[in-house]
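All remarks here apply to the structure that follows.
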Amino acid sequence: MRSSLKHLKRTTAAGAVALAAFSLLPGTAFASPAPDSSGSVGTKVVGGTKADQGEFPFMVRLSMGCGGALYAKDIVLTAAHCVDGSGPNTDITATAGVVDLEDSAAVTVKSKEVLQAPGYNGKGKDWALIKLEKPIDQPTLKIAQDDKLNNGDFTIAGWGADKEGGDQQRYLLKATVPFVDDATCEKAYGDDLTPGDEICAGKLDTGGVDTCQGDSGGPMFRKDDAGEWLQVGIVSWGEGCARPGKPGVYSEVSTFAADIQKAAGELGA
Ligand code: ARG
C-alpha cells in the first residue's frame, strides 16, 4: 500500500532514489551541474526559471538536501521528513542569502536543535523547525494563519531536481503552480492524501511544472492582500514530478500555524 511504501523509502537509504517514483525522499548530495551549459530559461524547479538574487531572501538550502524558509531569523521551517526526530542537533548546515549555492557571499549557519512535528509518522503533519546556532540577517516569511488565501496561483522555489530523476541544482529555480482542490487531489491520490493536513498544486491537465526531489521542506507561497509573501505550503511529496494528473502535495501551513508558533516558542524563539 502506498503510504507504507512512502514511509519505507523515506526511512531507507538514499539508494532508494532510483525507484522513488512516489517518495518523500529529500534530494541527495548536491550534484553541482554546470549552470548554463544545459537548458535555457523555461526548462528548469521542473518547468521553472532562475530566481533573481534577493527575490526570495527567506529561502534556505539545508545540507541534507532539502529546502526551508526562515520562520524567524534563527528558525527554519522545513518538512518533518527532512529531519530524523527532535532534540539537540548540530549536524545540519543552513545556507542562505544567495541564489547560487557556490556564491562566496553565501551565509552558512549550523543547526542547534530540531523539532519534528509531534506525532509525525509519515502521513500528514509534514513540518519541522530547525533552530539555528545564530540568526541569519535576511527577511523572514510569514506563515498563513487561516485558509483564506489557500487558493489561486502559488510560487514554488528550490534547488531540487529540474526533472524526475534529475540533478540537484546550483541556482535557485522558481515556478508558478495553480491550486488544486482536495476533492480533485483525492481523485489522484486516494487515501494517501490527508486533506486536512495537505494542500495540492500543479497543472493537472498538462503537468510540466512542479517541485521535485530536493525541494522538500521549501515553501510554497503567494502574495497576501498587503502584497507581502505569505507561506501557504511546505513541499512534501508527489507521484513522480510534474506528471499530468499528479499534482504536488504540500503541508497545509494554515492547519499547523498554531502548532508551529507554539513549537517555535519552545525552541526559545
Ligand atoms: N519528497 C520530495 C523531496 O524530498 C519532494 C517531492 C515533491 N514532489 C512533487 N511531485 N511535487 O524533495
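Note that ligands are numbered from 1 as they come in the structure, with each ligand's atoms numbered from 1 the same way. Side chains included, hydrogens not; waters and symmetry mates left out as well; all remaining heavy atoms used. Sequence positions, counted from 1, serve as the residue numbers for this chain.
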### Query
Is a side-chain N or O of Asp181 found less than 3.5 angstrom from the main chain of Thr184, in a donor-acceptor match?
yes

### Task
Would you please say whether a donor-acceptor pair under 3.5 Å links the side chains of His81 and Ser236?
no

Applying a heavy-atom cut-off of 4.0 Å, say which part of [X] lies close to ligand 1: side chain, backbone, both or neither.
X: His81; result: side chain
X: Thr211; result: both
X: Ala79; result: neither
X: Ser236; result: backbone

Give the numbers and elements of all ligand 1 atoms closer than 4.0 Å to a heavy atom of [X].
X: Gln213; result: 1 (N), 2 (C), 3 (C), 6 (C), 12 (O)
X: Cys241; result: 10 (N)
X: Asp210; result: 9 (C), 10 (N), 11 (N)
X: Gly248; result: 11 (N)
X: Asp215; result: 12 (O)
X: Gly214; result: 3 (C), 12 (O)

### Side-chain heavy-atom pair Trp229, Phe56 within 4.5 angstrom cut-off
yes

### Message
Consider side chain to side chain contact (heavy atoms under 4.5 Å, CB included). Of Ile92, Asn89, Thr93, which one does Lys110 pass it with?
### Response
Thr93

Any N/O of [X] closer than 3.5 Å to an N/O of ligand 1?
X: Tyr250; value: no
X: Val235; value: no
X: Val249; value: no
X: Glu239; value: no

### Task
For salt bridge (Lys or Arg N to Asp or Glu O under 4.0 Å), just list the numbers for Asp224 and Lys142, CA-CA rounded to whole Å, side-chain angles, deciding distance to a tenth of an Å, and then say yes or no.
CA-CA 10 Å; Asp224 67 11; Lys142 271 187 308 182; 2.8 Å; yes

### Message
Can you tell me how far apart CD (Gln213) and CG (Asp167) are? Round to the nearest 0.5 Å.
### Response
13.0 Å

#### Entry: Lys50 charged N/C atom sitting above Tyr171 aromatic ring, 6.0 Å / 45°
yes

### Query
Which residues pass the salt bridge (Lys or Arg N to Asp or Glu O under 4.0 Å) test with Lys148, sequence neighbours left out?
Asp146

### Message
Taking a cutoff of less than 4.0 Å between a non-hydrogen atom of the residue and any ligand atom, is Cys212 in contact with ligand 1?
### Response
yes

### Query
So, does Cys66 sit close enough to ligand 1 that a heavy atom of it is under 4.0 Å from the ligand?
no

### Summary
So the disulfide (SG to SG under 2.5 Å) pairs with at least one residue in residues 165-200 (sequence neighbours excluded) are Cys185-Cys200

### Message
Could you walk me through whether Lys246 and Glu239 satisfy the salt bridge (Lys or Arg N to Asp or Glu O under 4.0 Å) test, starting with their C-alpha distance in whole Å, then the side-chain angles of each, then the deciding distance to 0.1 Å, before giving a yes or no?
### Response
CA-CA 6 Å; Lys246 299 291 177 184; Glu239 183 175 330; 3.4 Å; yes

